[in-house]
Amino acid sequence: MEVICKAKDFGRFFKNPVLTLGNFDGVHLGHQRIFQQVRRKAQEIGGESIAYTFAPHPVQLLKPEKEPFLLLPISERIRLIGETGMDVTICAPFTQEFASLTAEEFVRDILHRQIGVRQIYVGQNTSFGRGRTGSVALLKELGERYGFAVEAMEAVEVKGTLISSSRIRRLIRGGNIPGATELLGRPPLLVGEVIRGFGRGGKKLGFPTANLKIEKVLVPKPGIYAVWAICGGQKFPGVANLGWNPTFQDGKFSIEVHILNFNKDIYGQTLRLEFVERQRDEVTFRSPEELITQIKKDVEQAKRILGVV
Ligand code: ADP
Ligand code: RBF
Ligand code: MG
């Protein structure tokens, strides 16, 4: 997939562009359904399928103090859009200037003049442009003027309830990983760089843990989780701990994973965790020995969950 992030590059010629517009946070099943439709149409008319998105998220620009709520950092959002088979992602820098475009200006200057869009697919309650006044109705009206078609897609339901990023956030905040996975159409994940911790996992406990530094995103409820850890293109079973290590009174929140049957220095590398199931709450043990006994049980339980006995 081609990724276009610089305003000056938006002007490249696109052949019969079929486009969808949105934040696509989570790249969930609803988004995936829209991408599928965009790709199908592009194939039909011999055109290019384009996802048009923005970064940073408007709320991050306008209210940077707000607690993180995004499901994915922008790099993962783009990577997952690529996995759906789209031809192009345009990621517009969401600047004050960009935010000040009215809905009409956005459609005329960007979608029509720059991209030359032929067909647009959006969700029914999509909104865009300054003051979020742009709607499906406005797109349809402008489509007649500028010569593109617009189709509003029905929201996707799973077991009778609508998929939305806010529902998925609630499930992840509550530690309900299977529930979130069902709506995402993929496992919830965290990505980060492996950093140094207190150097205690391997030496003191016999369970080294790769500690992650992540971007500002929503983190699952603190606790112990069965995960798949992806590193250097390989996937390993693991057991992760999201918490404050209260047994040691660090007072510092950490995201760490013990990778099973693994023994390599991976400091500085990028590690991705795919969450599978929450196992328990983090507890304060009276001694490191008691914690070790519990971690051994956690490892066995994680193996059963992941099916790697
Ligand atoms: P730190 O406090 O710096 O995280 P640890 O004692 O927890 O130190 O050791 C973690 C480091 O050990 C990881 O960053 C990784 O480079 C390495 N390592 C070796 N084996 C493993 C394993 N099975 N799981 C996780 N990390 C491992
Ligand atoms: N620390 C705690 O204080 N309480 C826990 O319940 C706890 N559970 C853990 C479970 C697993 C599977 C792992 C890998 C770590 C756990 N830890 C827990 C974190 C542990 O204290 C930490 O890995 C070391 O202190 C090294 O930073
Ligand atoms: Mg560690």
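Position 1 is the first residue of the sequence; numbering continues from there. First listed ligand is number 1; within each ligand, the first listed atom is number 1.
Counting the atoms of ligand 1 from 1 in the order shown, those under 4.0 Å from a heavy atom of I266 are 15 (C), 16 (O). Every atom of ligand 1 with a heavy atom of D265 under 4.0 Å away is listed here by number and element: 16 (O). Taking every heavy atom of V194 and a limit of under 4.0 angstrom, the matching atoms of ligand 1 come to 14 (O). Close approach to G201 involves these atoms of ligand 2, each under 4.0 Å from a residue heavy atom: 26 (C). Of all atoms in ligand 1, listed by their number and element, those nearer than 4.0 Å to a heavy atom of R196 are 3 (O).
Side-chain atoms of D25 come within 3.5 Å of backbone N or O of L71 as a donor-acceptor pair. R186 contributes no side-chain N or O that, together with a main-chain N or O of L29, makes up a donor-acceptor pair within less than 3.5 Å. Of the possible polar contacts, one joining the Q279 side chain to the D298 backbone as a donor-acceptor pair under 3.5 Å is found.
The distance criterion of under 3.5 Å between nitrogen or oxygen atoms is met by N211 with respect to ligand 1. Distances between N or O atoms of H258 and those of ligand 2 include no value under 3.5 Å. By the 3.5 Å distance cut-off applied to N or O atoms, F198 is counted among the residues near ligand 1. The shortest N or O to N or O distance between N211 and ligand 2 is not under 3.5 Å.
For F285, every heavy-atom contact with ligand 2 shorter than 4.0 Å involves the side chain, none the backbone. At a heavy-atom cutoff of 4.0 Å, ligand 2 is contacted by no atom of T284, backbone or side chain. Contacts between E256 and ligand 1 below 4.0 angstrom, taking non-hydrogen atoms only, are absent altogether. Looking at I295 against ligand 2, only its side chain comes within 4.0 Å, counting heavy atoms. The backbone of V257, and not its side chain, has at least one atom closer than 4.0 Å to an atom of ligand 1 (non-hydrogen atoms only; backbone = N, CA, C, O).
Here the protein heavy atom with the shortest distance to atom 17 (C) of ligand 1 is K264 O, 3.2 Å. Given atom 7 (C) of ligand 2, the protein heavy atom at minimum distance is L291 CD1, 3.4 Å. Atom 27 (C) of ligand 1 has as its closest protein heavy atom P208 CB, 3.8 Å. Remark: minimum distance from atom 13 (C) of ligand 1 to any protein heavy atom is reached at A210 CA, 3.9 Å. Ranking the protein heavy atoms by distance from atom 2 (C) of ligand 2 puts T247 OG1, 3.4 Å first. In terms of protein heavy-atom proximity, atom 14 (C) of ligand 2 is closest to T209 CG2, 3.7 Å. Given atom 2 (O) of ligand 1, the protein heavy atom at minimum distance is G199 N, 2.6 Å. The single protein non-hydrogen atom nearest to atom 19 (C) of ligand 2 is N241 ND2, 3.3 Å, given as residue, atom name and distance.
Residue contact annotation: W244 has no non-hydrogen atom under 4.0 Å from ligand 2. Assignment of F248 to the shell around ligand 2 is supported, since a heavy atom sits closer than 4.0 Å. Contact between R280 and ligand 2 is present, with at least one heavy atom of the residue lying under 4.0 Å from the ligand. Residue contacts with ligand 2 include P246, since one or more of its heavy atoms lies under 4.0 Å from the ligand.
Linking Ile, Leu, Val, Met, Phe, Trp and Tyr residues whenever their side-chain heavy atoms come within less than 4.5 Å places F148 and L19 in a single cluster. A chain of hydrophobic side-chain contacts below 4.5 Å, direct or via other Ile, Leu, Val, Met, Phe, Trp or Tyr residues, connects V194 to I259. Taken together through direct or relayed side-chain contacts under 4.5 Å among Ile, Leu, Val, Met, Phe, Trp and Tyr, L306 and V299 form parts of separate hydrophobic clusters. In the hydrophobic cluster analysis, where Ile, Leu, Val, Met, Phe, Trp and Tyr join through side-chain heavy atoms closer than 4.5 angstrom, F275 is grouped apart from V191.
Aromatic ring centroids of F106 and Y52 lie under 6.0 Å apart. Between F198 and F248, the distance separating the two ring centers is not shorter than 6.0 angstrom.
Exactly one of L271, T209, N211 qualifies for a side-chain contact (heavy atoms from CB on, under 4.5 Å) with V257. That residue is L271.
Across L205, V239, V257, V283, heavy-atom proximity to atom 5 (C) of ligand 2 is greatest for V283. Considering each of F207, F262, Y267, the one bringing a non-hydrogen atom nearest atom 20 (N) of ligand 1 is F262. Ranked by closest heavy atom to atom 5 (P) of ligand 1, the top entry among G206, G197, C231, G202 is G202. Of all the listed residues (K296, E256, K297), E256 holds the heavy atom that lies closest to atom 22 (C) of ligand 2. Here the shortest heavy-atom distance to atom 23 (N) of ligand 1, taken over I195, I259, T209, belongs to I259.
Only protein atoms were considered; those of element N, O or S under 2.8 Å from the Mg ion (ligand 3) number 3.
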side-chain contact (heavy atoms from CB on, under 4.5 Å) between N245 and E282: does it pass, once the steps are laid out?
CA-CA 8 Å; N245 303 356; E282 205 185 23; 3.5 Å; yes
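Residues F14 and I4 have side chains in contact (heavy-atom distance under 4.5 Å, counting atoms from C-beta outward). Taking the side chain as every heavy atom from C-beta outward, F128 and L139 approach each other to under 4.5 Å. Contact of the I177 side chain with the P188 side chain is registered, since non-hydrogen atoms from C-beta on lie closer than 4.5 Å. Contact of the T102 side chain with the T133 side chain is not registered, since no non-hydrogen atoms from C-beta on lie closer than 4.5 Å. R108 is not listed as a side-chain neighbour of E104, based on a closest heavy-atom distance of 4.5 Å or more. E48 has its side chain out of reach of I115: every pair of non-hydrogen atoms, C-beta onward, lies at least 4.5 Å apart.
By the 4.0 Å N-to-carboxylate-O rule, D87 lies too far from K15 to be salt-bridged with it. Look at K159 and E182 and you find a salt bridge, because one of the NZ, NE, NH1 or NH2 atoms lies within 4.0 Å of a carboxylate O, short of that distance. With respect to the salt-bridge test (charged N to carboxylate O, under 4.0 angstrom), the residues E300 and K297 do not qualify.
Ring geometry for Y146 against H112 counts as parallel: the plane angle stays under 30°, on a 0 to 90° scale with 60° as the upper cut.
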